[in-house]
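Worksheet: one structure, shown below.
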Amino acid sequence: MTMNCIRLDEVDSTNNYLKQNRSGLPDGTLVTAGLQTAGKGRRGHEWLADRGMLPFSLLLRDPPHPDNITLCAAVAVCEELEERLPDEEFGIKWPNDIILRGHKLCGILCESVCFGSSIDVVCGIGVNISQSEDFFRNAEIPHGGSIEMLTGRTIPDREALAENIARRLYEYSREGFDAISNGYTRRCLTVGKSVRILENGTERTAFAEGIAPNGFLICSAEGGRFMVNSGEVSVRGLLDYV
Ligand code: BTN
């Protein structure tokens, strides 16, 4: 598949760029940027970064399985990074934080735009490539880390990294979460742990049993079993971030 790639030096948010321009762009368009000035994180948070972070977004026009694209993206990121850094273990903190050596290495934000009975999905991915420890300290992101900071390895071809991840993601978005759910669950650091579930200002503790076919986190607590939907909550380990 030939990918339509747009390279920007600076933009407010690669997700915003695709949301604003999507109607003139083909399915599978990838936009990358050198710097994001108003990056967005999940649940309305800002996603602060310098040029050490690689931001990119993929436009999926009316995808056949729009529901679990963030989970597909998490697997796509891990696979590509594992190929480049085979000595490292990349894990997924449910639903879609990529973790290396206990630090958050990458965040994923999917946004959808409905038009008539169709839906376009913009999947935005931010990979921490080369920010320093000082960056994360000054930005007050204690759990954040970059590939360079954690492993000493540099990624010279950032555009190629984005393109390869986007290709994998495009393929998985066509196949659906079912096709990659084993790969997701195997890498998921949340499963098998006690977790704190933060929802609308309340917090409860539960045990994360597994991932449901629809991507929800299956949890159990005194009151029984229940499902957690990624859109609504933040899940943390009892003692640490993961
Ligand atoms: C999170 O973990 O909260 C999600 C962070 C997602 C950041 C990426 S960077 C590229 C794309 N553009 C944005 O504004 N956000 C996503």
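Counting starts at 1 for both ligands and their atoms, in listed order.
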Practice prompt. Might you work through the side chain to side chain contact (heavy atoms under 4.5 Å, CB included) test for Cys114 and Ile119, ending with a clear yes or no?
Written response: CA-CA 4 Å; Cys114 298; Ile119 188 170; 4.2 Å; yes
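- Taking any N or O of Ser13, backbone or side chain, at least one lies under 3.5 Å from an N or O belonging to ligand 1.
- Under 4.0 Å from ligand 1, not a single heavy atom of Asn96 appears.
- Heavy-atom distances between Arg43 and ligand 1 stay at or above 4.0 Å for every pair.
- Note on ligand 1: His45 sits outside its first shell, no heavy atom being nearer than 4.0 Å.
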Item to complete: Mind running side chain to side chain contact (heavy atoms under 4.5 Å, CB included) on Glu83 and Glu79 for me, showing each step along the way?
Response: CA-CA 6 Å; Glu83 237 180 74; Glu79 285 182 351; over 6 Å; no
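- The closest protein non-hydrogen atom to atom 6 (C) of ligand 1 is Lys40 O, 3.6 Å.
- Between Glu222 and Arg204 there is no salt bridge, since none of the side-chain N atoms of the basic residue sits less than 4.0 Å from a carboxylate O of the acidic one.
- In the vicinity of Thr14, heavy-atom distances shorter than 4.0 Å reach the ligand 1 atoms 10 (C), 11 (C), 12 (N).
- For Ile108, every heavy-atom contact with ligand 1 shorter than 4.0 Å involves the backbone, none the side chain.
- Among all protein heavy atoms, the one lying closest to atom 5 (C) of ligand 1 is Trp47 CE3, 3.4 Å.
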Discussion item. Run the side chain to side chain contact (heavy atoms under 4.5 Å, CB included) test on Asp67 and Phe177 for me, step by step, so that the C-alpha distance in whole Å, both residues' side-chain angles and the decisive distance to 0.1 Å come before the verdict.
Written reply: CA-CA 9 Å; Asp67 284 345; Phe177 181 59; over 6 Å; no
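- Proximity to Gly39 (heavy-atom distance under 4.0 Å) selects the following atoms of ligand 1: 14 (O).
- Listed for the Arg174 side chain is no donor-acceptor partner under 3.5 Å among the backbone atoms of Tyr170.
- Remark: the backbone N or O of Leu85 is not paired with any side-chain donor or acceptor of Arg153 at under 3.5 angstrom.
- Less than 4.0 angstrom separates some heavy atom of Gly41 from each of these atoms of ligand 1: 1 (C), 3 (O), 4 (C), 5 (C).
- Between Arg167 and Glu171, none of the side-chain N atoms (NZ, or NE/NH1/NH2) sits under 4.0 Å from a carboxylate O, so this pair counts as no salt bridge.
- The atoms of ligand 1 that sit less than 4.0 Å from any heavy atom of Phe56 are 10 (C).
- Here is the list of ligand 1 atoms found below 4.0 Å of a heavy atom in Gly126: 8 (C), 9 (S).
- Judged purely by distance below 3.5 Å, without hydrogens or angles, the side chains of Glu10 and Thr37 never pair a donor atom with an acceptor atom.
- Proximity annotation for atom 13 (C) of ligand 1: of Gln36, Glu46, Met53, Lys104, Gln36 comes nearest, heavy atoms only.
- In this structure, Trp47 contributes its side chain and Ile108 its backbone to no donor-acceptor pair below 3.5 Å.
- Between Arg42 and ligand 1, at least one pair of N/O atoms sits closer than 3.5 Å.
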